[in-house]
K.L.:
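My questions will all concern the structure given below.
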Number of protein chains: 4
Amino acid sequence: MHIGIIGLGKMGNNMRARLRTQGLTVTGYDPDPAVTDVASLEDLALALPAPRIVWVMVPSGKITDDVIHSVANVLSAGDLVIDGGNSRYTDDAVHGDFLATKEIRFLDVGVSGGVWGLENGYGLMAGGDAADIERAMPIFDALRPAGPRNEGFVHAGPIGAGHYVKMVHNGIEYALMQAWAEGYELLDSRKDLVTDVTGSFKAWQRGTVVRSWLLELLVKALEEDPEFTEISGYVEDSGEGRWTVHEALDRAVPVPTISAAIFARFVSRQKDSPSMKAVAALRNQFGGHAARKS
Amino acid sequence: MHIGIIGLGKMGNNMRARLRTQGLTVTGYDPDPAVTDVASLEDLALALPAPRIVWVMVPSGKITDDVIHSVANVLSAGDLVIDGGNSRYTDDAVHGDFLATKEIRFLDVGVSGGVWGLENGYGLMAGGDAADIERAMPIFDALRPAGPRNEGFVHAGPIGAGHYVKMVHNGIEYALMQAWAEGYELLDSRKDLVTDVTGSFKAWQRGTVVRSWLLELLVKALEEDPEFTEISGYVEDSGEGRWTVHEALDRAVPVPTISAAIFARFVSRQKDSPSMKAVAALRNQFGGHAARKS
Amino acid sequence: MHIGIIGLGKMGNNMRARLRTQGLTVTGYDPDPAVTDVASLEDLALALPAPRIVWVMVPSGKITDDVIHSVANVLSAGDLVIDGGNSRYTDDAVHGDFLATKEIRFLDVGVSGGVWGLENGYGLMAGGDAADIERAMPIFDALRPAGPRNEGFVHAGPIGAGHYVKMVHNGIEYALMQAWAEGYELLDSRKDLVTDVTGSFKAWQRGTVVRSWLLELLVKALEEDPEFTEISGYVEDSGEGRWTVHEALDRAVPVPTISAAIFARFVSRQKDSPSMKAVAALRNQFGGHAARKS
Amino acid sequence: MHIGIIGLGKMGNNMRARLRTQGLTVTGYDPDPAVTDVASLEDLALALPAPRIVWVMVPSGKITDDVIHSVANVLSAGDLVIDGGNSRYTDDAVHGDFLATKEIRFLDVGVSGGVWGLENGYGLMAGGDAADIERAMPIFDALRPAGPRNEGFVHAGPIGAGHYVKMVHNGIEYALMQAWAEGYELLDSRKDLVTDVTGSFKAWQRGTVVRSWLLELLVKALEEDPEFTEISGYVEDSGEGRWTVHEALDRAVPVPTISAAIFARFVSRQKDSPSMKAVAALRNQFGGHAARKS
């Protein structure tokens with residue numbers, strides 16, 4: 001199989017490498033001449049056998065929109081576009097409908113695994129028609145981890161379902177990370193008693209109920225920098241966590257831990273908190289509690 | 001009526017003043033010679049008509065314990081001790097039992113109103129026997145705000161009930177303050193649209209569902225310093241909020257807003273968050289997301 | 001002044017009454033013949049002196065959209081439409097732009113006060129141009145509570161600002177209500193100690209830091225039904241709380257208490273919780289903990 | 001090595017079996033004649049070679065207290081007691097100090113793994129002196145999972161550290177479970193889009209960031225009962241989660257996800273929520289919103 005990839009950033013580049021290792025032929029396009037295989041989308045289209053398959057792996061939002069519109073100009077009826085980026089699931093129907101006007105097929109695929117996916121394989125969640133899924137299966141089989149297909153890949157539903165499942169995956173991930181972080185802070189707060197914090201996490205890796213890959217990564221991070229002296233508690237969020245809470249609000253689903261994880265990130269990025277200034281001001285007003293000058 | 005007050009800090013001093021304004025005779029004792037009326041607890045006991053009433057208004061915990069034990073040495077059977085400080089309600093039975101061994105009566109009274117109480121009167125929540133409550137009623141009537149007695153005073157139950165109700169009062173207060181603070185931060189975040197943030201809060205003071213004294217204090221604070229430039233978002237907590245959550249855990253009562261308010265204060269006091277360092281470290285491990293150096 | 005009101009439900013009807021009491025002439029239109037003053041929007045337009053002022057007081061969303069489009073057909077350049085309903089603030093610019101194509105002016109006004117507004121007056125938050133605000137001021141003065149204008153009315157900013165401020169007002173209100181509710185549950189859980197729960201709340205009404213109108217309503221409710229035996233813990237939400245959290249997510253503002261209040265309402269409406277079924281299933285899997293059959 | 005176990009419930013019984021499989025000699029005592037190896041604690045002491053090692057595996061709190069006091073009567077100076085139950089870490093110093101008065105040694109060990117530990121091995125976190133740890137190492141090596149010792153066992157610190165680390169482990173576990181549950185409810189709420197919910201979770205088991213044992217158990221539970229029709233969303237808590245939050249309050253550590261997980265369990269057990277009755281009553285008071293009759 002010979003496919004195209006648009007977008008050769010950290011993720012796209014790794015995926016091209018893994019696909020090639022697994023025996024597929026891949027032509028990549030990226031505006032960066034240092035990584036691209038071809039000079040233009042036109043050249044990409046020319047390089048691929050028809051009917052073509054093009055995997056789009058670019059930042060979600062306007063960039064994905066633009067790429068899908070651009071690539072549609074160089075593709076033909078019967079070609080297949082796969083959005084493997086982190087698009088909001090509500091964008092998928094728009095993209096699918098647009099491509100359908102040109103008789104181009106569309107799949108949305110959520111991809112998890114980060115920088116480790118190159119070696120371990122990626123968890124894949126796909127949305128779209130069964131026939132299109134079937135057609136792209138050699139790609140999915142090459143990208144997913146070794147083992148049973150259904151432990152690393154799912155056809156989750158129609159267009160949009162792949163990114164929906166990926167969105168929820170990331171929402172859960174936010175809360176899991178926050179849970180680990182709260183536990184870390186508690187152990188760290190009692191070094192008078194717990195003299196081996198890193199070793200305590202390390203000992204959970206086999207046998208306990210909480211064993212998991214995030215735990216292994218936490219142990220790895222602690223072994224590299226046991227006091228986290230080289231890292232600041234400033235944490236970005238990449239959108240999918242917020243979308244998860246937006247969706248939860250729309251569906252009346254209570255998500256106290258996922259929202260708490262996102263709010264903690266918001267606070268982590270504030271130099272001083274307007275909220276807490278207001279609380280300090282109130283205490284000062286009613287109790288004459290001395291408030292710190294900013 | 002002639003009573004004693006032990007502890008003439010910000011609260012005790014104001015209360016002595018209010019009681020005198022309302023026509024009671026008050027002898028105050030404090031280790032600080034600048035404010036005390038008598039030189040020692042012995043002198044305080046000598047100054048008071050028997051059976052004596054002594055109002056204790058000192059910091060909760062060990063200091064209150066010590067004062068109650070010391071004053072017991074100079075009091076007699078039939079005297080009445082009132083703990084008007086912010087003692088944990090579980091301390092009250094201990095104090096009451098101890099004083100009972102000397103046939104000294106005991107009441108616990110939660111007092112709310114802060115620095116405004118001198119002028120407005122204090123909200124009072126009392127625990128103990130009805131006869132003791134009745135005996136101290138002239139004090140309560142002098143301290144509480146004008147208006148119907150039951151809108152400024154309650155005999156909440158037996159010993160401990162006064163401080164229990166005050167503890168819950170403060171737990172609620174924490175959450176109310178946090179609610180106001182979140183709303184403030186939201187309005188503050190949209191000054192592009194809401195051009196009069198202070199005026200918006202001010203306009204809520206009559207007619208709206210949220211009108212309240214805390215709102216009035218927020219307006220006052222904003223009128224004094226509309227951007228909170230003179231105040232830092234560093235907020236202490238004084239114990240009763242935590243006790244409320246401890247109690248909620250023991251009673252299996254869900255308190256998501258009260259606990260959120262306390263956690264926000266904890267975070268406000270951290271220079272850097274161990275939790276968020278852990279989250280940043282995890283993101284760095286799996287995603288190669290650049291983390292800020294500390 | 002003579003104005004029109006469209007929508008004579010619980011709120012619109014009360015507002016017509018209050019405006020008339022305050023000396024304004026009001027012609028109301030509603031599809032319900034039992035309450036309407038005129039038979040049609042055309043008749044409403046004919047009844048009003050030009051340039052006309054029409055206050056729209058209908059449910060937000062599609063109904064408000066429809067009414068604004070319909071009324072535009074019977075109005076003329078220079079007329080003024082005021083949306084006093086609970087529209088999402090993002091709708092206001094759309095409505096304003098649409099009306100501007102017909103040279104009809106527009107204001108958005110958030111209204112708080114519930115069923116008590118008829119007697120007490122309503123808290124008002126307005127968005128739009130200063131000249132339009134000035135023109136409608138007799139209406140605002142009639143609707144708002146007695147007292148200084150700026151304690152019951154604010155010109156918060158341009159179009160959208162009124163509903164934005166009202167949205168945040170309601171978000172705060174959700175969290176305030178939840179705070180009161182948590183405190184109630186705690187006191188209720190300790191009736192062994194706190195023998196007068198209603199009286200405890202009642203005693204907070206004067207003097208304490210937490211005194212507020214919501215507290216007065218809670219006391220009123222408890223006096224009517226001290227054990228809440230006649231009411232179920234099933235609570236709807238009307239949209240503005242969710243919008244507040246949506247906005248907070250978009251602005252990266254942490255709102256732990258407002259979101260907790262909304263999630264508590266979501267849970268209150270579930271017969272059985274899918275989340276907690278999942279937790280029960282997990283406990284059963286790893287611990288052999290017996291789970292209740294549904 | 002030949003040791004004693006007191007307490008042959010679900011956990012103790014499995015641990016006896018695993019220790020025997022691993023080549024240790026184990027004499028168990030339990031009041032239940034159906035499972036015990038000896039008739040009394042005296043017989044247990046007689047059966048064991050001196051200096052003895054006795055592993056206590058009974059419910060925490062009073063029962064553990066009683067067993068430790070009883071067994072001390074039949075042990076001798078130099079014997080070693082290991083508390084492998086879920087004791088609160090603050091109990092450990094008390095037990096250690098008591099046993100020290102009889103020159104009996106003490107270790108506290110947190111044990112994780114549930115019913116799967118028999119086969120997989122248990123994660124172990126120990127507190128106490130290094131010499132005692134060394135002495136008990138053959139037991140730890142037999143109980144822990146295969147693989148490197150430090151991935152299934154930790155000497156976390158002095159007496160109390162083992163149960164402290166286990167307490168935090170369980171606090172994290174609560175939040176992790178809640179995170180999974182929220183994600184499940186979201187996917188379940190969108191079965192119109194996500195047509196294969198179980199398959200979606202299943203596909204995360206390899207390659208994704210969230211892969212973990214809890215995920216595998218969730219998949220197992222869903223494969224057994226895909227709609228959770230056989231299970232009720234009523235969830236007990238066993239103490240350690242609450243202790244974690246108590247500790248966090250005492251240490252000023254923010255734990256929003258751990259507390260949210262516990263509060264969700266509290267709510268899950270309420271037939272009707274007093275909090276939400278109060279919210280419903282408030283809405284009814286100010287808005288005339290119809291409230292459901294209970």
Side-chain angles (χ1 to χ4, degrees), chain A residues 112-114 117 120-123 125 144-145 147 150-154 156-157 160-161 164-165 168-169 171-173 175-176 178-180 182-183 185-187 189-190 193-196 199-200 202-214 247-248 251 253 255-258 260-261 264, chain D residues 112-114 117 120-123 125 144-145 147 150-154 156-157 160-161 164-165 168-169 171-173 175-176 178-180 182-183 185-187 189-190 193-196 199-200 202-214 247-248 251 253 255-258 260-261 264:
Chain A
S112 177
N120 296 349
Y122 301 91
M125 307 134 234
R144 71 173 174 81
N150 65 0
E151 295 186 6
F153 170 82
V154 67
Y164 191 91
V165 172
V168 174
H169 166 281
I172 294 170
E173 182 189 308
L176 298 178
Q178 181 67 23
W180 284 111
E182 292 173 14
E185 184 163 334
L186 265 171
L187 290 185
S189 79
R190 288 305 302 270
L193 177 62
V194 179
T195 54
D196 189 358
S200 294
K202 196 173 176 72
W204 293 350
Q205 291 182 107
R206 295 170 187 261
T208 73
V209 172
V210 300
R211 62 189 190 263
S212 55
W213 194 52
L214 280 168
E247 174 72 14
R251 306 293 296 181
V253 170
V255 288
T257 68
I258 297 173
Chain D
S112 178
N120 295 348
Y122 301 90
M125 307 135 234
R144 70 173 174 80
N150 65 0
E151 296 185 5
F153 170 83
V154 66
Y164 192 90
V165 172
V168 174
H169 166 282
I172 294 170
E173 181 189 307
L176 298 178
Q178 182 67 22
W180 284 110
E182 293 173 14
E185 184 164 333
L186 265 171
L187 290 185
S189 78
R190 287 305 302 269
L193 177 63
V194 179
T195 53
D196 189 357
S200 294
K202 196 174 177 71
W204 294 350
Q205 291 183 107
R206 295 169 187 261
T208 73
V209 172
V210 301
R211 62 189 190 262
S212 57
W213 195 52
L214 280 168
E247 174 72 15
R251 306 293 297 181
V253 169
V255 289
T257 67
I258 297 174

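Sequence lines set the chain letters: A, B, ... in the order given, protein chains first and strands last, and positions in each chain run from 1.
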K.L.:
Any side-chain heavy atom of H169(A) sitting closer than 4.5 Å to one from V210(D)?
P.N.:
yes
K.L.:
Please find the pair of heavy atoms, one from V209(A) and one from W213(D), that lie closest to each other, and give the distance.
P.N.:
CA-CE3, 3.6 Å
K.L.:
Let me know if P256(D) has heavy atoms under 4.5 Å from chain A in its side chain, its backbone, both or neither.
P.N.:
both
K.L.:
Quick check on the interface: out of A161(A), A264(A), A260(A), who has the most heavy-atom pairs with chain D under 4.5 Å?
P.N.:
A161(A)
K.L.:
Nearest 0.5 Å, what's the CZ-OG distance between R211(A) and S112(D)?
P.N.:
8.5 Å
K.L.:
In terms of heavy-atom pairs under 4.5 Å, which option from G183(A), A156(A), G157(A) contacts chain D the most?
P.N.:
A156(A)
K.L.:
To the closest 0.5 Å, what do you measure between CD1 (I258(D)) and CD (E182(A))?
P.N.:
4.5 Å
K.L.:
I need the residue from T195(A), V168(A), I172(A), D196(A) with the largest number of non-hydrogen atom pairs under 4.5 Å to chain D.
P.N.:
I172(A)
K.L.:
Would you call W204(A) and M125(D) a side-chain contact if the rule is heavy atoms closer than 4.5 Å?
P.N.:
yes
K.L.:
Just give me the residue among S189(D), P145(D), G199(D), A261(D) that pairs up with chain A most often, heavy atom to heavy atom, under 4.5 Å.
P.N.:
S189(D)
K.L.:
In terms of heavy-atom pairs under 4.5 Å, which option from A179(D), G114(D), G147(D), G160(D) contacts chain A the most?
P.N.:
A179(D)
K.L.:
At a heavy-atom distance under 4.5 Å, which candidate from G207(D), G117(D), A203(D) has the highest pair count against chain A?
P.N.:
A203(D)
K.L.:
Checking R190(A) now: which residues fulfil side chain to side chain contact (heavy atoms under 4.5 Å, CB included) with it, not counting sequence neighbours?
P.N.:
D192(A), L193(A), Y89(D), Y164(D), E247(D), R251(D)
K.L.:
Tell me which of these, G152(A), A248(A), G113(A), G171(A), has more heavy-atom pairs under 4.5 Å with chain D than the rest.
P.N.:
G152(A)
